[in-house]
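Input: a single structure, listed below in structure tokens.
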Amino acid sequence: MLSLQFIREHPDVVRRSLADRQTPGPLDEILALDLRRRDLLSETERLRAEQNAAGKKIGAAKEPGERQRLIDAMKGVSARIDELAPELRKAEERLQALALEIPNIPDPGTRVGESEADNVVRMQSGEETRDDWRKPHWELGEALGIIDFERGVKLSGSRFYLLRGAGARMQRALIAFMLALHIDKHGYTEVYPPALVKEETMWHSGQLPKFRDNLYHDAEEDYWLVPTAEVPLTNMHGGEILPGGALPLHYVAYTPCFRREKMSAGRDVRGIKRGHQFDKVEMYTFCAPECSADELEAMLDDAIDVCRALGLSYRVVEICTGDLGFNAARTYDVEVWSPGVGEWLEVSSVSNCTDFQARRANIRFRREAGARPEFVHTLNGSGLALPRTMIAVMENYQRPDGSVEVPEALLPYMGGIGVITP
RNA sequence: GGAGGGGUCGCAUAGUGGCCUAGUGCGGCGGUCUUGAAAACCGCUAAGUCCUUCGGGGCUUCGUGGGUUCGAAUCCCACCCCCUCCGCCA
């Protein structure tokens, strides 16, 4: 979230941000309510100060008549506070709720644009290969017996599938390979976080209130299923004041992700591109504000490195203001070419959330002993999403005879399988 | 799920309605002393927020939320978390 102080002092910046993002936001209501809140606050605090001062006199008063007279005098003040306090609380709660609906301010470097159509390709490596003989992964997967759509549906309904044999193994190999790359080569610390979190955690990382419709929720125990490891990783240091020397912190986590995908019903129903459950390796960075721009480039390169190692054609798309996520100030998507379905697939989204999530989750650091705490900047990026990486690997490494070669980088994790055949 | 114990400043503890503006010890920071260090002694030791004439001043926070009261760390209610034992269990 943005600080109320920032909104109050820079309403023009917020208004511009909302316009650039093509999204409405309760800015005017916030400004008006903030004025009222501060009036109420001054008044109740003045009364409380009076009450505190009188309380001391009452405590010190020995003579019963004098004491009673002082107590009676304070009853009016007390009653007035009882009137104002609930009003103040209501104003604060409402203000809080409204502030949570304002998205992050786009980075000045983020290109202004209306929608996805205005995103620009920043760089591309490799070509859009097209061969008539190449099959989409769903045909390939069924023919090889490594993706079972029917049984997935039998167990759980549409948008579920199961991997078996070399398919399951290859996904596991991809996970192990990605984790090893980020840990050993890029210097991340591995984390295995809970996939079920409490509601508060979803608010802190910005999933609630906006994406409620896309989340699974266990009503019985009030647990929420994470839609991405970004959620637990953000909250890992929630409420903490980190010593300045600890930054930057780089974490990588493999988790399942759960999404209801209600809003996109009917889209991408074919294959394994968009399911209710999928696996993802996620990178996450906590750093000082002045470092986040460089950290974003570094994380982008770490995501790309996975594509390079797998020998995939990839491109980097710079997201414009109209397509920018709620939490992000700046985002790059990494897409890989899928010759079977003939499209670029988003396998990673790398974002600088600046201090937006840090403020929600109250994550701060101290530059040096005794210095005022400041909010950290947070960055997250997929490294990478598994199903789409699987698609790209299968479709790129398929051979005219219908078999799929295992990329060299995965061989150490495949237990001797070099080619997947029916 | 059951029984019991507990949650107070970075850590450890004290505090059973007003002298709590939360004490004490440890740790940390600064200083005195010292060639240097230790010891001893002295001082400091949180966060948030509002107002400000920029000197400061106020308010909130003792697990969380309500309640009683002129006044709550302290009394009442609900909830959360931790520890010990029992049950169950991958």
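Proteins get letters first, then strands, A, B, ... in listed order; numbering begins at 1 in each. These values consider heavy atoms only, across backbone and side chains, with no hydrogens, waters or symmetry-generated copies.
With P as the reference atom, B:G28 and B:U49 are 30 Å apart, rounded to whole Å. For the C1' atom pair drawn from B:C44 and B:C54, the interatomic distance equals 24 Å after rounding to whole Å. Distance check on atom P: B:C76 versus B:C88 gives 36 Å, rounded to whole Å. Between the C1' atoms of B:C62 and B:G56, the separation comes to 28 Å (whole Å). For the P atoms, the distance from B:U34 to B:A22 is 38 Å, rounded to whole Å. Nucleotides B:G10 and B:G6, compared at atom P, are 23 Å apart to the nearest Å. Between B:U8 and B:G4, the distance separating the two C1' atoms is 22 Å to the nearest Å. Comparing the same atom, P, in B:G66 and in B:U60 gives a spacing of 15 Å after rounding to whole Å.
With sequence neighbours excluded, the residues satisfying side chain to side chain donor-acceptor pair (under 3.5 Å) with A:E199 are A:W203. Listed by chain and number, the residues in a side chain to side chain donor-acceptor pair (under 3.5 Å) with A:S338 are A:E395 (sequence neighbours excluded). For A:F160, the side chain to side chain contact (heavy atoms under 4.5 Å, CB included) partners are A:S156, A:H276, A:Q277, not counting sequence neighbours. Partners of A:T354 by side chain to side chain donor-acceptor pair (under 3.5 Å), not counting sequence neighbours, listed by chain and number: A:N104.
Listed by first and then second residue, the side chain to side chain donor-acceptor pair (under 3.5 Å) pairs involving residues 286-298 of chain A are A:R122-A:E297, A:H250-A:E295, A:E290-A:R367, A:S292-A:N352, A:S292-A:H377, A:E297-A:Y332 (not counting sequence neighbours). Each salt bridge (Lys or Arg N to Asp or Glu O under 4.0 Å) pair with one or both residues in residues 275-288 of chain A, not counting sequence neighbours, appears once here: A:K280-A:E282. The side chain to side chain donor-acceptor pair (under 3.5 Å) pairs that include a residue from residues 230-244 of chain A are A:H204-A:N235, A:E230-A:Q357, A:E230-A:N380, A:T234-A:Y284, A:H237-A:E240, A:H237-A:Y251, where partners are two or more places apart or lie in different chains.
Using a 4.0 Å heavy-atom criterion, one finds that A:D72 contacts no nucleic acid atom at all. Backbone-only engagement by A:A49 is indicated by non-hydrogen atom pairs under 4.0 Å involving sugar-phosphate atoms exclusively. Residue A:I58 is in base contact, counting any heavy-atom pair closer than 4.0 Å across all strands shown.
B:G36 makes up no base pair with any nucleotide shown, lacking Watson-Crick or G-U wobble contacts both under 3.5 Å. Taking a pair to require two hydrogen-bonding distances under 3.5 Å in either a Watson-Crick or a G-U wobble arrangement, B:G18 pairs with B:C70. Across all strands shown, B:G31 is found opposite B:C41 as a Watson-Crick or G-U wobble partner, with both distances under 3.5 Å. Pairing for B:G87 is absent, with no Watson-Crick or G-U wobble pair whose two atom distances lie under 3.5 Å. Applying the Watson-Crick and G-U wobble criteria (two distances, each under 3.5 Å), B:C79 pairs with B:G63. The pairing partner recorded for B:G55 is none, the criterion being a Watson-Crick or G-U wobble arrangement whose two distances lie under 3.5 angstrom. Look at B:C26: its Watson-Crick or wobble partner, with both distances under 3.5 angstrom, is B:G10.
Ring to ring, A:F278 and A:F258 are not that close: their centroids are 6.0 angstrom or more apart.
Comparing A:I241 and A:A53 against RNA chain B, the residue whose closest nucleotide sits nearer the 5' end is A:I241. The residue among A:R372 and A:R67 whose nearest nucleotide of RNA chain B lies closer to the 5′ end is A:R67.
A donor-acceptor pair shorter than 3.5 Å cannot be found between the side chains of A:H182 and A:D302.
Near RNA chain B, defined here as any heavy-atom distance below 4.0 Å, the residues from residues 73-81 of chain A are A:M74, A:K75, A:S78, listed numerically.
A salt bridge does not link A:K75 with A:D82: every distance from a Lys NZ or Arg NE/NH1/NH2 to an Asp or Glu carboxylate oxygen is 4.0 Å or more.
First and last contacts of RNA chain B with chain A, using any nucleotide atom under 4.0 Å from a protein heavy atom and ordered 5' to 3', fall at B:G18 to B:G71.
Under the 90° criterion around 0 for the glycosidic angle, B:G55 counts as syn.
Distance check: A:L140 CG to A:I420 CD1 gives 9.0 Å after rounding to the nearest 0.5 Å.
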